[in-house]
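Computed from a predicted structure; not experimentally measured.
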Amino acid sequence: MDRQEHIHIIGAGEEIGAACAAAIRDLQDITRIFVFADSELYSNSSRDDERTKAHKTAVRVAVNGTKALAASLKIPASLVYIDPPASGTVAAAVQKIKSGYPGARCTFDLSGGSKDLSLALFQVSLWLEGDAYYAYAGPRGAGPSEKLAVPKIPLRDIAANPNYLRILTVLSDPPGKAETAPRILPRSYLFTQLEPFYVPVRTKGVKTNTSTTKTDATTGKRAVIPVLSQGTFSSMMNTLASADLVQEVPGPAGNRKEKYYRITASGTLAMQLA
């Protein structure tokens, strides 16, 4: 069975070479590349000053270098001219590509191109549910391609559920020394961290522990502690994962029974805003 086509669309800019190399490095299943370039970059005008001419030349050289890199890796790369306004032209160009490769997965890189082109690509990525990336500058050129955080669950729903915020907070700030690598925690640890603070969001069918009470922080009265079931916790983790706020990741070698999670860029942003 042939693997699924993965079409990577990137805006043309002076740094496109480093950005595209980072994308190929980080997204290793790319099968085709389309470089979207503002048509004015490939047209000469008597009104162009020396700075504009130099910029156009630099972009063309960068695009040629990107195509050469793709060719060396046997990845077909094509140049697509985008006329203003980009919002309409980009949508039509992407639609044409999608019709030629039905079922293809699309990703978008906003590291190059004009502001209008980048915004148009980002807008189309939302409609096609394709991930959008941006390669930030690193010590050796372009750094890792960071996926832009796109909300898949309303912020008001996250803010209204203290259990979601508790889970995200634990994942973003686990105990111990500061870590530079992604913070990965087991499901069992997340459960024990949420259990004492669990707040039911529904009023019916909530199990309680009648033998244990706690003081309500608002009223000062003793209240029965609600019980956090494994099923309810699994439902919350599934909701956060489907919304791309947390991600299930492989755990340590030899531990296949336990699930492990880390917070995503979307989860970090959602937690900060909520």
Side-chain angles (χ1 to χ4, degrees), residues 1-38 59 62-82 86-87 89-114 117-138 140-152 182 241-250 262 264-267 269:
M1 181 177 178
D2 295 336
R3 62 172 177 165
Q4 180 188 25
E5 288 274 8
H6 177 175
I7 294 173
H8 189 64
I9 299 174
I10 183 169
E14 293 186 32
E15 304 299 328
I16 185 178
C20 193
I24 294 174
R25 179 190 65 214
D26 299 333
L27 308 174
Q28 299 182 12
D29 62 341
I30 293 175
T31 57
R32 296 179 184 276
I33 295 174
F34 287 87
V35 181
F36 279 33
D38 293 285
V59 172
V63 170
N64 290 337
T66 298
K67 294 173 68 176
L69 170 64
S72 69
L73 299 173
K74 298 182 179 180
I75 301 175
S78 303
L79 179 62
V80 179
Y81 299 107
I82 300 299
S87 57
T89 312
V90 164
V94 174
Q95 183 182 33
K96 183 177 180 180
I97 293 172
K98 286 286 289 181
S99 64
Y101 303 95
R105 172 195 174 198
C106 287
T107 53
F108 301 80
D109 195 309
L110 315 181
S111 304
S114 64
L117 176 59
S118 296
L119 287 175
L121 287 173
F122 183 59
Q123 183 182 45
V124 171
S125 75
L126 297 177
W127 282 98
L128 295 181
E129 298 182 352
D131 294 331
Y133 294 82
Y134 187 91
Y136 296 91
R140 297 181 180 178
S145 296
E146 299 288 346
K147 185 170 71 171
L148 299 183
V150 177
K152 295 183 179 180
S242 63
D244 194 33
L245 301 181
V246 303
Q247 181 182 31
E248 184 178 338
V249 296
R262 72 174 181 86
T264 64
S266 294
L269 179 60

*How far does CD1 of Ile7 sit from CD1 of Ile33, to the nearest 0.5 angstrom?*
11.0 Å
*Interatomic spacing from SG in Cys20 to CD1 in Ile75 - rounded to 0.5 Å*: 7.5 Å
For [X], what residues pass the side chain to side chain contact (heavy atoms under 4.5 Å, CB included) criterion, not counting sequence neighbours?
X: Ala21; answer: Leu69
X: Ala62; answer: Ile16
X: Ala86; answer: Ile82, Val90, Asp116, Ala120
X: Val150; answer: Phe122, Leu126

*Judged by atom type as modelled, is there a donor-acceptor pair below 3.5 Å linking the side chain of Ser111 to the main-chain atoms of Tyr134?*
no
*So, Thr31 versus His6: side-chain donor-acceptor pair below 3.5 Å or not?*
no
_Listing request: all side-chain hydrogen bond (donor to acceptor under 3.5 Å, both in side chains) pairs with a residue in residues 123-133, at least two apart in sequence or in separate chains._
none
*Tell me the salt bridge (Lys or Arg N to Asp or Glu O under 4.0 Å) pairs involving residues 99-114, sequence neighbours left out?*
Asp29-Arg105
*Sequence neighbours excluded, which residues qualify as salt bridge (Lys or Arg N to Asp or Glu O under 4.0 Å) partners of Glu248?*
none
[X]: which residues meet the side-chain hydrogen bond (donor to acceptor under 3.5 Å, both in side chains) condition with it, sequence neighbours left out?
X: Tyr81; answer: none
X: Ser114; answer: Asp38
X: Asp244; answer: Lys147

_Smallest separation among heavy atoms of Val80 and Ala93, with atom names_ = CG1-CB, 4.0 Å
Side chains of residues 94-103: which donor-acceptor partners sit under 3.5 Å, not counting sequence neighbours?
| unit_1 | atom_1 | unit_2 | atom_2 | d |
| --- | --- | --- | --- | --- |
| Lys98 | NZ | Ala104 | O | 2.9 |
| Ser99 | OG | Gln95 | O | 3.4 |
| Ser99 | OG | Lys96 | O | 2.6 |
| Tyr101 | OH | Arg32 | NH1 | 3.3 |

